[in-house]
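Data first, discussion second: the structure below is written as structure tokens.
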Amino acid sequence: MIISWNTTQECNISCIHCYRDAGNKRTDELSTEEGKKLLDEMERAGFKIIILSGGEPLMRADIYELIRYAKSIGLRPVLGTNGILITEEVAIKLKEAGLGAAGISLDSTDKAIHDKFRQSEGAWNKTIAAMEACRKAKLPFQVHTTITNWNEKEVTNITDLAVEKGAMAHHIFFLVPTGRGKDIEDTTLKTEEYEAVLTRILEKQKEVSIELKPTCAPQFMRIAKERNIPMRFTRGCLAGTSYCVILPNGDVQACPYLPTKIGNVKETNFDVLWRDSEMFNQLRHEPLKGGCGTCGYDKICGGCRARAYYYSDGDYMAEEPWCDRGIRKTKQ
């Protein structure tokens, strides 16, 4: 099981697609001690991998302490970062603290496109330097890319760059309209192009040794099965079943892109929320609606619950709108 903790709302850049609408630090963010308590509760709930993200997690002064603590209690800490703050010195410190891997965001092989995504001139160069710093420090890293119609044509070129730089994986995130991502909803991939890009990614997997994983596009599991492409994954959408997220202030959500509050870890222990939440149990045990419940792939796909929420006025059990297996084709 894997879990994300958005450790801070603070960020050093202002990406146009940021699901957390990050920028300034919140006054109610979890303290170091509250964070350690949360990590204990994550371990007690059975989680194995903790993604420390943000905002930009490297802007937390205690991030190395949190990494060390997570490692000490048996969790595998990994980092979700824009990479800009990773110098050779920082990469060494992360490695020494016990970080398992860094996920570094790169949205294009074109400097101008990436910098436009990140709203930060020079971001591309600093991100590439971060990868080289990790490689030098022998700190494993993977590349994270958010796909829209701006950059979908170069997705496999980004994979090639990831391989060249020594990444262990390339995880491709399909934009879900939440946070600042709502402002660029018109750039999201719809039905045919959505399916075509997933197919290209999975065909590319046959050519490269690093792991390719689409995220927020659970239909990749169905396509892999149809094309007999081996995958180590067992399900597409993990929201509420073997994954969830903690926000900077302690709010719990089933997914970073599904803005429904389940509870707050300052008020109720996380392991109790994970076990007893009505929403979590609904996602685990109740049948999905519409085509997602009848297509025959619900057990390995599950449809994107966050996209279902956005396009059905808040019904996270609804069918996903952009799948081509008997799902309605709206908003095209």
May I have all residue pairs that pass side-chain hydrogen bond (donor to acceptor under 3.5 Å, both in side chains) and include part of residues 77-88, sequence neighbours excluded? N12-N82, E56-T81, E56-N82, E88-K136
Any chance you could measure D62, atom CG, to K36, atom NZ, to the nearest 0.5 Å? 8.5 Å
Would a 4.5 Å heavy-atom cut-off, applied to side chains only, mark T187 and W150 as touching? yes
Could you pull out all residues at least two apart from N149 that satisfy side chain to side chain donor-acceptor pair (under 3.5 Å)? none
Is the closest basic N to carboxylate O distance between K37 and E33 below 4.0 Å? no
Distance only, no hydrogens: is a donor on one side chain within 3.5 Å (strictly under) of an acceptor on the other, for N6 and S53? yes
In one Ile/Leu/Val/Met/Phe/Trp/Tyr side-chain cluster, 4.5 Å: L161, V208: no
Shared hydrophobic cluster for I104 and F117 (ILVMFWY, side-chain gaps under 4.5 Å): no
Less than 3.5 Å apart, any donor N or O on the side chain of Q219 or Y194 sitting next to an acceptor on the other? yes
Between T215 and H171, do the side chains contain an N or O donor and an N or O acceptor separated by less than 3.5 Å? no
Below 4.5 Å, heavy atoms only, C-beta onward: do P57 and W5 meet side chain to side chain? no
Any side-chain heavy atom of V90 within less than 4.5 Å of one from Y64? yes
Ignoring hydrogens and angles, state whether a donor on the side chain of T8 or E29 is under 3.5 Å from an acceptor on the partner side chain. yes
Can you see whether K266 engages N249 through a side-chain donor-acceptor pair at a distance of less than 3.5 angstrom? no
Same cluster for I172 and L202 if Ile/Leu/Val/Met/Phe/Trp/Tyr side chains link at under 4.5 Å? yes
Would a single hydrophobic cluster contain both V78 and V143, if residues Ile, Leu, Val, Met, Phe, Trp and Tyr are joined by side-chain heavy-atom contacts under 4.5 Å? no
